[in-house]
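Structure record follows, encoded as structure tokens.
The basis for the numbers below is simple: all heavy atoms, side chains too, and nothing from hydrogens, waters or symmetry mates.
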Amino acid sequence: MAMISNDWLDCIQGEFRKPYYRELYQFVKNEYNSKVVYPPADDIFNAFHLTPLSQVKVLILGQDPYHGEHQAHGLCFSVLPDQPELPPSLQNIYKELQDDLGCYIPNNGYLEKWARQGVLMLNTVLTVRAHQAGSHQGKGWEQFTDAIIQAVNEQDRPIVYLLWGKPAQSKIPMLTNPRHLILKAPHPSPLSAYRGFFGCKHFSQTNAFLEKNGVEPIDWQIENI
């Protein structure tokens, strides 16, 4: 796996030396050697490569990577650009963006543009066995990504958390920085989007908060490919 080399390393390198991470590393290595696992090993840490800690403006928290072929590439909710069909949750995210900010719905689900603007797109579990949702939960990734969330919480500048669904909202007790904004809504999956994700206006609220605090807002429009 392509290791983290930017400013994230300063605050999380201690995690790599802890017993849980050594066990996690061995588990993940064995899985990649014996099973089909997503995302590709070199993409596991893409969220950190694309969004250095010093540039984080927004944190979107997901759960598992997509477990279908050629979908996951290390950013929560995002899929590789050649996917012919968008995942249902991402379709609903685009619908809310259209309603909230007037963004047109693009022909792809490749969200790297957001990551490059400071949107940390973090899953709490960073790997998954093909076609087996949740198969890498409880192996240590949660402890590692909690350390990431804690590092963001300690940043003394305006940051927005988009927490969609109860698993994401379970991290709220960790978020103690008064300079940060927490926005909550149901998950955008078809099972829950109509219970309050639609109409939450999180994207415009995020930009309003950033602009109010003198921070460049996010251009949420994903272009057609």
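Side chains of His187 and Ser192: a donor-acceptor N/O pair is absent below 3.5 angstrom, by distance only. For the residue pair Thr176 and Asn153, a side-chain donor N or O sits within less than 3.5 Å of a side-chain acceptor on the partner.
Side chain of Asp100 to backbone of Glu96: no donor-acceptor contact under 3.5 angstrom is found. For Asn108 (side chain) and Glu223 (main-chain N/O), a donor-acceptor pair under 3.5 Å exists by modelled atom type. Proximity of a side-chain donor or acceptor of Glu142 to a complementary backbone N or O of Gln137 within less than 3.5 Å is not detected. In this structure, the side chain of Gln169 engages the main chain of Ala185 through a donor-acceptor pair within 3.5 Å. Asp99 places no side-chain N or O within 3.5 Å of a backbone atom of Lys95 that could act as its donor or acceptor partner. Between the side chain of Asp64 and the backbone N or O of Ala133, no donor-acceptor pair lies under 3.5 Å. Using modelled atom types, one side-chain atom of Asn107 and one backbone atom of Ile225 make a donor-acceptor pair closer than 3.5 Å. Between the side chain of Gln117 and the main chain of Asp219, a donor-acceptor pair closer than 3.5 Å is present.
When the salt bridge (Lys or Arg N to Asp or Glu O under 4.0 Å) test is applied to Arg17, no partner is found at least two apart in sequence or on another chain. Checked against ring pair (Phe, Tyr, Trp, His ring centres under 6.0 Å), Tyr161 has the following partners two or more places apart in sequence or in another chain: His180.
Minimum heavy-atom separation, Asn92 to Phe197: O-CE2, 3.6 Å. Across all non-hydrogen atoms, the minimal contact from Val56 to Arg157 is O-NH2, 2.9 Å. Pairing each heavy atom of Pro188 with each of Phe77, the nearest pair is CG-CE2, 4.0 Å. Considering all non-hydrogen atoms of both residues, Met174 and Asp146 come closest at CE-O, 3.2 Å. Smallest separation of non-hydrogen atoms from Pro158 and Leu210: O-CD2, 4.4 Å. Of all heavy-atom pairs between Asn6 and His49, the closest is ND2-O, 3.9 Å.
Connectivity analysis of hydrophobic side chains (ILVMFWY, heavy atoms under 4.5 Å, direct or indirect) links Val128 to Val36, Tyr38.
Between Val37 and His136 the shortest side-chain heavy-atom distance falls below 4.5 Å.
The 12-atom threshold is not exceeded at CD of Glu69, counting heavy atoms of other residues, nucleotides or ligands nearer than 6.0 Å. More than 12 heavy atoms of other residues, nucleotides or ligands sit less than 6.0 Å from atom NZ of Lys113.
Distance check, rounded to the nearest 0.5 Å: OH of Tyr104 to CG of Leu97 gives 12.0 Å. Note that CD1 of Ile60 and CG of Leu183 are 11.0 Å apart. Values are rounded to the nearest 0.5 Å. Note that CG of Asp10 and CG of Leu53 are 9.0 Å apart. Values are rounded to the nearest 0.5 Å. Atom CG of residue Asn207 and atom NZ of residue Lys201 lie 13.5 Å apart, to the nearest 0.5 angstrom. With values rounded to the nearest 0.5 angstrom, Tyr21 atom OH is found 8.0 Å from Ile12 atom CD1. Between the CG atom in Leu86 and the OH atom in Tyr110 there is a gap of 14.5 Å [rounded to 0.5 Å].
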Audit row: Glu216, Lys57, salt bridge (charged side-chain N to carboxylate O under 4.0 Å, His left out) steps and yes/no: CA-CA 9 Å; Glu216 184 79 19; Lys57 301 177 182 179; over 6 Å; no
I'd like to know whether Glu15 forms a side chain to side chain donor-acceptor pair (under 3.5 Å) with Tyr20, so could you lay out the CA-CA distance, the side-chain angles of the two residues, the decisive distance to 0.1 Å, and finally the verdict. CA-CA 8 Å; Glu15 299 300 308; Tyr20 89 86; 2.7 Å; yes
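The aromatic rings of Phe144 and Trp141 lie perpendicular to each other, with more than 60° between the two planes, well past the 30° mark. Under the 30°/60° scheme for interplanar angles, the aromatic rings of Tyr94 and Trp114 are found to stand perpendicular.
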